[in-house]
Amino acid sequence: SPVNCINSDDEGGAFQAAAHLLRLGHTNIGIIAGPSDWISTARRVRGYQRALANANLQGCVVHMNETTISSGREAYHLLHEQYPDITAICAVNDSMAIGAIREAQAQGKNVPEDLSVVGFDDITWAELNTPPLTTIRIPRQQIGKEAAHRILMLLQDPDLPASEIIVPVHMVERHSTALRR
């Protein structure tokens, strides 16, 4: 049923992240994702895949049942096992990206020299990670303002048709990505 909602531009942000890795020369890019039936996961994977398809590439996708640091570690392990030539990873959120970085480092990889990783959300831990995580920032304050504005509009006119508002996101470049060697 139609419902009022405010969402971040998940697909557009994921497209930006994958395009960033492509500009850095990466062509073997893996995607680590949460459950495929989550709308945000589906939109982000679609954005990553669209950027790769525009470059005539196909990303390797690993879906997990949750989107945690632990599942990110496991997803990296599965991805590396199936596709050992991966030089970059797009993660559907920062927790999975951080988990992938930790697992790669535990296996002797240097991030970003051997493996570039991009996250999504810009959680507090993203900046504190070693190395600090390149990610897509969701403007939470803007989402809150849009929601409050929509509520005020509905109070004035309860019969307004339901709508979805998409709030733009932007990339925050830190130190988890580098030129492909």
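Just the heavy atoms: all of them, side chains too, but no hydrogens, waters or symmetry mates, feed the values below. It should be emphasised that the depicted structure is a prediction, and the values quoted were computed from it without experimental measurement.
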So, taking the atom named [atom1] in [X] and the one named [atom2] in [Y], what distance separates them when rounded to the nearest 0.5 Å?
| X | Y | atom1 | atom2 | value |
| --- | --- | --- | --- | --- |
| T41 | N93 | OG1 | CG | 8.0 Å |
| E146 | I6 | CD | CD1 | 6.0 Å |
| Y48 | L21 | OH | CG | 9.0 Å |
| T27 | N56 | OG1 | CG | 12.0 Å |
| L152 | R150 | CG | CZ | 11.0 Å |
| Q16 | F120 | CD | CZ | 8.0 Å |

Check: [Y] and [X] side chains under 4.5 Å, non-hydrogen atoms:
| X | Y | result |
| --- | --- | --- |
| Q82 | C60 | no |
| E103 | H80 | no |
| T67 | S95 | no |
| H77 | E74 | no |
| H149 | K145 | no |
| R174 | P131 | no |
| V169 | Q142 | no |

Tell me the closest heavy-atom pair linking [X] and [Y], and the distance in Å.
| X | Y | result |
| --- | --- | --- |
| A42 | S36 | CB-O, 4.1 Å |
| T130 | I101 | O-CG2, 3.9 Å |
| L57 | H26 | CD1-O, 4.5 Å |
| D122 | D94 | N-OD2, 2.6 Å |
| N4 | P161 | OD1-O, 4.1 Å |
| T135 | A126 | CG2-CB, 4.5 Å |

Are [X] and [Y] joined in one hydrophobic group, where the rule is that I, L, V, M, F, W and Y side chains link up if heavy atoms are under 4.5 Å apart?
| X | Y | value |
| --- | --- | --- |
| I86 | V61 | yes |
| I69 | V62 | yes |
| L128 | M96 | yes |
| V111 | L78 | yes |
| Y83 | M64 | yes |

Fill in: Any side-chain donor near an acceptor of the partner, H20 and T177, under 3.5 Å
yes
Discussion item. I'd like to know if the side chain of S176 reaches the main chain of T134, judged simply by a donor and an acceptor atom lying under 3.5 Å from each other, with no hydrogens or angles considered.
Written reply: yes
Worksheet item: Hey, does the side chain of S116 reach the backbone of A88 with a donor-acceptor pair shorter than 3.5 angstrom?
Response: no
Discussion item. With side chain to side chain contact (heavy atoms under 4.5 Å, CB included) as the criterion, how do N7 and E164 come out once you've worked through the C-alpha distance, each side chain's angles and the decisive distance to 0.1 Å?
Written reply: CA-CA 7 Å; N7 284 313; E164 177 184 24; 2.7 Å; yes
Discussion item. Would you say CG of N65 has more than 12 non-hydrogen atoms from neighbouring residues, nucleotides or ligands within 6.0 angstrom?
Written reply: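 Not buried by this count: 12 neighbours or fewer within 6.0 Å.
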Worksheet item: Can you tell me if CD on E113 sees more than 12 non-hydrogen neighbours from other groups inside 6.0 Å?
Response: yes
Discussion item. One pair to check against side chain to side chain contact (heavy atoms under 4.5 Å, CB included): L52 and I31. What are the steps and the verdict?
Written reply: CA-CA 11 Å; L52 296 174; I31 300 167; 4.2 Å; yes
Discussion item. I'd like to know whether D114 forms a side chain to side chain contact (heavy atoms under 4.5 Å, CB included) with R181, so could you lay out the CA-CA distance, the side-chain angles of the two residues, the decisive distance to 0.1 Å, and finally the verdict.
Written reply: CA-CA 8 Å; D114 301 325; R181 297 193 299 169; 2.9 Å; yes
Discussion item. For W125 and L133: C-alpha separation, side-chain torsions, deciding distance, then whether side chain to side chain contact (heavy atoms under 4.5 Å, CB included) applies.
Written reply: CA-CA 9 Å; W125 284 101; L133 183 64; over 6 Å; no
Fill in: Option passing side chain to side chain donor-acceptor pair (under 3.5 Å) with D10 (candidates R46, R44, R43)
R44
